[in-house]
Asks: 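Got a structure for you, written out below as structure tokens; questions coming shortly.
This one's a predicted model, so the numbers in the text were calculated from it and none came from an experiment. Below, each value reflects all heavy atoms present in this structure, side chains not excepted, and no hydrogens, waters or symmetry copies. Labels below follow one simple rule: chain letters A, B, ... track the order of the sequence lines, proteins then strands, and each chain is numbered from 1.
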Amino acid sequence: WDAFGLPAENAAAERGVDPRAWTLGNIDFMRDELKRLGLALDWSREFATCDPEYYGRQQAWFLKLWASDLAYRKEGLVNWDPVDMTVLANEQVIDGRGWRSDAPVERKKLTQWFLRITRYADELLEGLKTLDRWPDKVRIMQENWIGRSTGLELRFDFAHGEGGLEVYTTRPDTLFGASFLALAADHPFAGSLAAGDPALAKFLTDCRRGGTSEAAIESAEKLGYDTGVRVRHPFDPDWLLPVWVANFVLMDYGTGAIFGCPAHDQRDLEFARKYRLPVKPVVLPAGEDPKTFQVGNEAWTGPGRIYNSAFLNGLEVEAAKAAAVARAEGANQGTGAVVYRLRDWGVSRQRGWGCPIPVIHCSKCGLVPAPERDLPVRLPEELDFSLPGNPLARHPTWKHVACPECGGPAERETDTLDTFVDSSWYFARFADPHAEAPIGPAADRWLPVDQYIGGIEHAVLHLLYARFVTRALRDQGMLKIDEPFAGLFTQGMVTHETYRRQNGEWVEPKAVRIAQEGATRRALDATTGEPLVIGDAEKMSKSKRNVVAPADIADTYGIDATRLFVLSDSPPDRDVQWTTAGVEGAWRLVNRIWAEFDSQPVRPASGGSEDPAATAMRRATHHTIKAVTEALDGFRFNSAIARIYEFVGTLRTTPAEGATPALVTARAEALDALARLVAPFAPHLAEQCWARLGNEGLVAVASWPVYDPALAEDNVKVLPVQIDGKRRGEIRAPAGATKDEVWELISADSEIGPKLQGVKVVRFIHVPDRIANLVTEPA
RNA sequence: GCGGGCGUGGCGGAACUGGUAGACGCAACGGACUUAAAAUCCGUAGGGGGGCGACCCCCGUGCCGGUUCGAUUCCGGCCGCCCGCACCA
């Protein structure tokens, strides 16, 4: 149970309940629901991330990472909610405002704990290539998120005085098109200049206030301030460039400073146009004349030949990049560099319902790890969530401890770990849930996880963190694997129609009656009859009240019909629009299956001579086993259930009255297979059927049926016969019939023959057991 | 802007590596059973046209074009929708 986090704190704040009691109550409820669904879970391995037995071990490995410099503290910019007095995750900032307080979020410098995920950036990128059972989409998203780029880190020396400014660029080929340098507002050099320049100081403040929302960024005007400082061009000391501060330069990417090449970068171009800086093209697109080529409102970012660029002239873009890097390195002006978009993972949260960071602040000894014998560092029993801010920091006694080093008065760290830390290693704990060590010896036997299942929303959060933590723990000698999840399946979201009253109020589906009038559907309030507006299907959420619990269906139709319905409705990787239309079909299937087992005496399988009906049934049985098995392997549960529908249809239409011994045997085989095939979908029904057949024990632990390949394929194939690509008839040919045999059958066919009158067959295409095609031309 | 995906009947959706498009289910319609209804069972069904009839023909997987004996599937260009990232130098 991923049990720490905001929902419990919110409930505590809003209703005054204890977050622990609230969480454990929800777990009890969910456990009952899962059991009711008949899921096959090993409850002996159950734990919650809020158990001290779990988070204490998490604290243990956190301290190991700290000792290895994989965890560290630094000052960083965070989203600060001034009303709730807490740091917010990026996801909790909506349009620049705190999601609960609605207050404008400030960017604030705080000293925070970080995990050094960037040390593994390259390995995490390379590792993606080995994940051949992961969806491409997730791999691409992680690749983009890690964002590896190669370029040049380059120094521009000050025109006056010592030193210079470091700039990162991926386009060193365009260096001769430079017309300015631009610093981020948070760049230290900008800060130092501001001390003597009030106007600059004001500009920097304005920049920091700028919204962080997508819309704000989209529409944000390029703003700049000329600091008056000048730097020398690294390839031409006589060429001086102005140093600006610009609001579009980010401090936490590259070096926080860029050189602007307006002709070949759209942002630089907008900036240059606004402040009337030079726009000098240095990449000539193919087919353009160097004398007439001009850059208008669109920067040219495509390929071309370098010109106006001294020693780079005549080179193509890629060659010019290499040449520029070589020259810069030779002149000791810069080095080729690899830069990642990925940042270190800030894990400090000013929250009370999370895993305490097991560190003690001592005024004499500095940061001291909590001694191992004191782990787990437990949360206090009583926490007051009624006020904004961190209840741990406010707690009267909890944080006051003696320093483990000097014994003097000291304070505990009151930040807790991001809950994504909790979920980044639980799979390893599952593998050996009662081990004394955080990760027990059995983990090596079980891991990696064969098949992981989760929503796409975790593509770059949980799934990246878990891959990183796995490697970090591996390097601590705690794990032997590189990748935690060998196979990944991303299931879709469940959506539901939304309903609103005329006044805009949302109405929950339970309270809605749908009136079907021919093709039109109308929604009415089930009690008052008030007409409602039917809205789009959206992800189920409390705010839109479009949530439906499967338990409601289970109350009417039972768990097995509900499970069959949910699985048969649509493929699991797709979003589904929840509707109960169709659940009747699953209900019928359950009843039909049971009728097959219940309606007639169970007769033992006992051989019998050949009989066409029996053979047909055996073929249907083995064909179904094959089809269902393959569909399950491919996660096509809807197709698997469709095959079961067909199979049950076959059973029903095969008369049991007056059956030959062979048919009785075939039927017994069919029912045996059916019970096993149905078990994953409708376990309770399957057990009942299994017992009805007189078996001992559970079908749940019985083996999966095995098909006979000879029986799974039809021995007679229906081959469509095409003439010039259009279907003109069909023949029945024995399986594996040769081209000549098929030609014989076509020639002899009374329907196809006449259609070949007056034409000449110039080509005969035969795909064995599939199709025949006659290509003709006029005779 | 960049990256990825999707588009098939009234609906959810099938169709293996190019080989009978619409499996299976829902809804619908017709029939049987019933005093009646529900339930259940049987049957019909992409669109259009022809034939008394068993049947036959044409069109059809967002649109236009291409490759191929054959395209829902491959290629090019549009249109529409969805998701992710985003001032990343």
Side-chain angles (χ1 to χ4, degrees), chain A residues 135-145 147 149 151-152 167-171 174 182 184 210 214 216-218 220 222 246-250 252-261 264-268 270-271 301 339-343 456-457 459-460 493 516 518-521 564-565 568-571 574-577 579-586 588-589 591-592 595 627 630-631 634 636 638-649 652-653 718-730 751 755 762-776:
Chain A
D136 290 342
K137 182 183 170 91
V138 175
R139 290 193 292 184
I140 290 166
M141 282 168 73
Q142 292 209 355
E143 202 176 305
N144 293 340
W145 188 265
S149 75
L152 173 65
V167 156
Y168 174 72
T169 180
T170 56
R171 294 297 304 271
T174 64
E214 285 181 23
I217 289 167
E218 192 97 28
K222 302 275 178 289
N247 65 342
F248 66 92
V249 181
L250 306 172
D252 46 9
Y253 184 79
T255 62
I258 62 160
F259 84 84
C261 176
H264 304 295
D265 184 285
Q266 191 59 33
R267 293 154 307 176
D268 297 348
E270 287 167 29
F271 191 76
T301 55
V339 165
Y340 297 92
R341 210 190 73 113
L342 185 70
R343 321 262 164 76
I456 189 74
E457 71 272 18
V460 287
M493 287 186 309
Q516 186 82 40
T520 10
R521 295 173 72 245
L564 279 167
F565 165 59
S568 66
D569 196 45
S570 89
R574 214 178 283 193
D575 286 355
V576 286
Q577 190 173 337
T579 161
T580 53
V583 65
E584 301 265 348
R588 272 177 219 135
L589 180 63
N591 285 300
R592 286 173 186 176
E630 289 174 356
R636 296 185 301 272
N638 51 335
S639 295
I641 292 169
R643 299 290 83 81
I644 291 174
Y645 268 105
E646 281 176 335
F647 186 43
V648 173
R652 279 154 52 83
T653 50
V718 177
L719 265 66
V721 178
Q722 295 182 336
I723 298 173
D724 296 324
K726 284 181 189 290
R727 188 178 176 280
R728 286 294 183 261
E730 62 186 35
E751 280 185 21
K755 288 173 183 158
V762 293
R763 210 172 144 194
F764 171 50
I765 292 144
H766 170 241
V767 182
D769 293 344
R770 273 274 155 74
I771 201 165
N773 191 10
L774 308 175
V775 186
T776 67

Asks: Of the listed nucleotides (B/A14, B/U40, B/A89), which one gets closest to any side-chain atom of A/Arg588?
Replies: B/U40
Asks: What is the separation between atom CD on A/Glu646 and atom C1' on B/A15, rounded to the nearest whole Å?
Replies: 12 Å
Asks: Please determine, for the side chain of A/Ser149, which listed nucleotide (B/U20, B/A89, B/C69) has the closest atom?
Replies: B/A89
Asks: Given side chains that start at C-beta, do those of A/Ile456 and A/Lys137 come closer than 4.5 Å, heavy atoms only?
Replies: yes
Asks: Under a 4.5 Å cut-off applied to non-hydrogen side-chain atoms, are A/Ile258 and A/Asp268 in contact?
Replies: yes
Asks: Using the C1' atoms only, state how far B/A32 lies from B/A36, rounded to an integer number of Å.
Replies: 15 Å
Asks: Applying the Watson-Crick and G-U wobble criteria at under 3.5 Å, what pairs with B/C6? Answer none if nothing qualifies.
Replies: B/G80
Asks: Determine the minimum heavy-atom distance between A/Ala586 and A/Leu564, stating which atoms define it.
Replies: CB-CB, 4.0 Å
Asks: Any N or O donor-acceptor pair linking the side chain of A/Arg770 to the base of B/C16 at under 3.5 Å?
Replies: yes
Asks: Ignoring backbone atoms, test whether A/Tyr253 places a side-chain nitrogen or oxygen under 4.0 Å from the OP1 or OP2 oxygen of B/A89.
Replies: yes
Asks: If you measure from the P atom in B/A14 to the same atom in B/G65, how many Å do you get, rounded?
Replies: 29 Å
Asks: Which base, if any, makes a Watson-Crick or G-U wobble pair with B/C11, both distances under 3.5 Å?
Replies: B/G25
Asks: Can you identify which nucleotide, out of B/C87, B/A14, B/A89, has its nearest atom closest to the A/Thr169 side chain?
Replies: B/A89
Asks: B/G18: syn or anti, with syn meaning chi within 90° of zero?
Replies: anti
Asks: Could you check which of B/C87, B/C85, B/U20 has an atom nearest any side-chain atom of A/Phe248?
Replies: B/C87
Asks: Could you give the CZ-to-C1' distance, from A/Arg267 to B/G1, as a whole number of Å?
Replies: 11 Å
Asks: In terms of side-chain heavy atoms of A/Arg574, which of B/A27, B/G19, B/G13 is nearest?
Replies: B/G13
Asks: Measure from OH on A/Tyr340 to P on B/C85 and round the result to the nearest Å.
Replies: 22 Å
Asks: I need the CD-C1' distance between A/Glu584 and B/A28, as an integer number of Å.
Replies: 15 Å
Asks: With rounding to the closest Å, how many angstrom separate the C1' atoms on B/C63 and B/G4?
Replies: 23 Å
Asks: Taking the P atom of each, how far is B/U8 from B/C81, in whole Å?
Replies: 14 Å
Asks: Under 4.0 Å, counting only non-hydrogen atoms across every strand here, what does A/Val167 touch: a base, just sugar-phosphate, or nothing?
Replies: nothing
Asks: Hey, does the side chain of A/Lys726 come within less than 4.0 Å of B/G60's phosphate (OP1/OP2), counting only N and O?
Replies: no
Asks: Is there a side-chain contact between A/Leu719 and A/His766 (heavy atoms, below 4.5 Å)?
Replies: yes
Asks: If I pick the P atom on B/U73 and the same atom on B/G60, what distance separates them, to the nearest angstrom?
Replies: 13 Å
Asks: With a non-hydrogen cut-off below 4.0 angstrom, is A/Ser570 in contact with a base, only sugar-phosphate, or nothing?
Replies: sugar-phosphate
Asks: Considering only heavy atoms and no angle criterion, is a donor-acceptor pair shorter than 3.5 Å present between the side chain of A/Arg636 and the base of B/A14?
Replies: no
Asks: What nucleotide among B/C42, B/A23, B/C83 has an atom nearest to a side-chain atom of A/Ala642?
Replies: B/A23
Asks: Please tell me if A/Arg652 has a side-chain N or O lying less than 4.0 Å from either OP1 or OP2 of B/C42.
Replies: yes
Asks: Identify whether any heavy atom of A/Tyr168 sits under 4.0 Å from a base atom; if not, whether one sits that close to sugar-phosphate; answer base, sugar-phosphate or nothing.
Replies: base
Asks: Looking at every strand, decide which applies to A/Gln722 at a 4.0 Å heavy-atom threshold: base, sugar-phosphate, or nothing.
Replies: base
Asks: NE2 of A/His264 versus C1' of B/G1: gap in Å, rounded?
Replies: 19 Å
Asks: Just how far, in rounded Å, is P of B/A71 from CZ of A/Arg727?
Replies: 16 Å
Asks: Between A/Ile771 and A/Asn638, who's closer to the 5' end of RNA chain B by nearest nucleotide?
Replies: A/Asn638
Asks: Are A/Arg267 and A/Glu270 ion-paired here, with the side-chain N under 4.0 Å from a carboxylate O?
Replies: no
Asks: Sort out the partner of B/G46 for me: Watson-Crick or G-U wobble, both distances under 3.5 Å, none otherwise.
Replies: B/C59
Asks: To the nearest Å, how far apart are A/Arg592 CZ and B/A39 C1'?
Replies: 12 Å
Asks: Among the nucleotides B/C85, B/G84, B/A27, which one has an atom lying closest to any side-chain atom of A/Met141?
Replies: B/G84
Asks: What's the gap between B/A45 and B/G77 when it is taken at their C1' atoms, as a whole Å value?
Replies: 37 Å
Asks: Check whether any side-chain heavy atom of A/Gln266 lies under 4.5 Å from a side-chain heavy atom of A/Thr301, and answer yes or no.
Replies: no
Asks: Across all strands, who's sitting opposite B/C85 as a Watson-Crick or G-U wobble pair, both distances under 3.5 Å?
Replies: B/G1
Asks: Between B/G3, B/G19, B/C24, spot the one nearest the side chain of A/Ile140, thanks.
Replies: B/G3
Asks: Need the pair for B/G53. Rule: Watson-Crick or G-U wobble, both distances under 3.5 Å, any strand; none if unpaired.
Replies: none
Asks: Ignoring hydrogens and angles, tell me if any N or O in the side chain of A/Asp724 forms a donor-acceptor pair with the backbone of A/Thr776 under 3.5 Å.
Replies: yes
Asks: Want to settle it: does A/Asp252 or A/Pro571 sit nearer the 5' end of RNA chain B, counting the closest nucleotide to each?
Replies: A/Pro571
Asks: By ring-ring contact (aromatic ring centres under 6.0 Å, His included), which residues pair with A/Tyr340, not counting sequence neighbours?
Replies: none
Asks: At less than 4.0 Å, is any side-chain N or O atom of A/Arg763 found next to OP1 or OP2 of B/C69? Yes or no.
Replies: yes
Asks: Whether the side chain of A/Arg343 and the base of B/C88 hold a donor-acceptor pair under 3.5 Å is what I'd like checked.
Replies: yes
Asks: If you look at every strand shown and take non-hydrogen atoms under 4.0 Å, does A/Asn773 touch a base, only sugar-phosphate, or nothing?
Replies: base
Asks: Pairing check on B/G19: which nucleotide meets the Watson-Crick or G-U wobble criteria with it, both distances under 3.5 Å?
Replies: B/C69
Asks: State whether a side-chain donor-acceptor pair under 3.5 Å links A/Ser149 with A/Tyr168.
Replies: yes
Asks: Can you tell which of B/C69, B/C58, B/G4 lies closest to the side chain of A/Arg728?
Replies: B/C58
Asks: Please state the C1' separation for the pair B/A27 and B/C11 - nearest whole angstrom.
Replies: 7 Å
Asks: What's the closest nucleotide to the side chain of A/Lys137 if the choices are B/C85, B/A89, B/G4?
Replies: B/G4
Asks: Which is true for A/Leu250 with a 4.0 Å heavy-atom rule: it touches a base, it touches only sugar-phosphate, or it touches nothing?
Replies: base
Asks: B/U17 P sits how many Å from A/Glu630 CD, rounded?
Replies: 11 Å
Asks: Applying a 3.5 Å limit to both distances, which nucleotide forms a Watson-Crick or G-U wobble pair with B/U40?
Replies: B/A32
Asks: Is it true that a side-chain atom of A/Arg343 and a backbone atom of A/Asp252 form a donor plus acceptor pair closer than 3.5 Å?
Replies: yes
Asks: For a quick check of understanding: with a heavy-atom distance under 4.0 Å over all strands, which category does A/Val460 fall into, base, sugar-phosphate or nothing?
Replies: nothing
Asks: Between B/G30 and B/C78, how far apart are the two C1' atoms, rounded to whole Å?
Replies: 45 Å
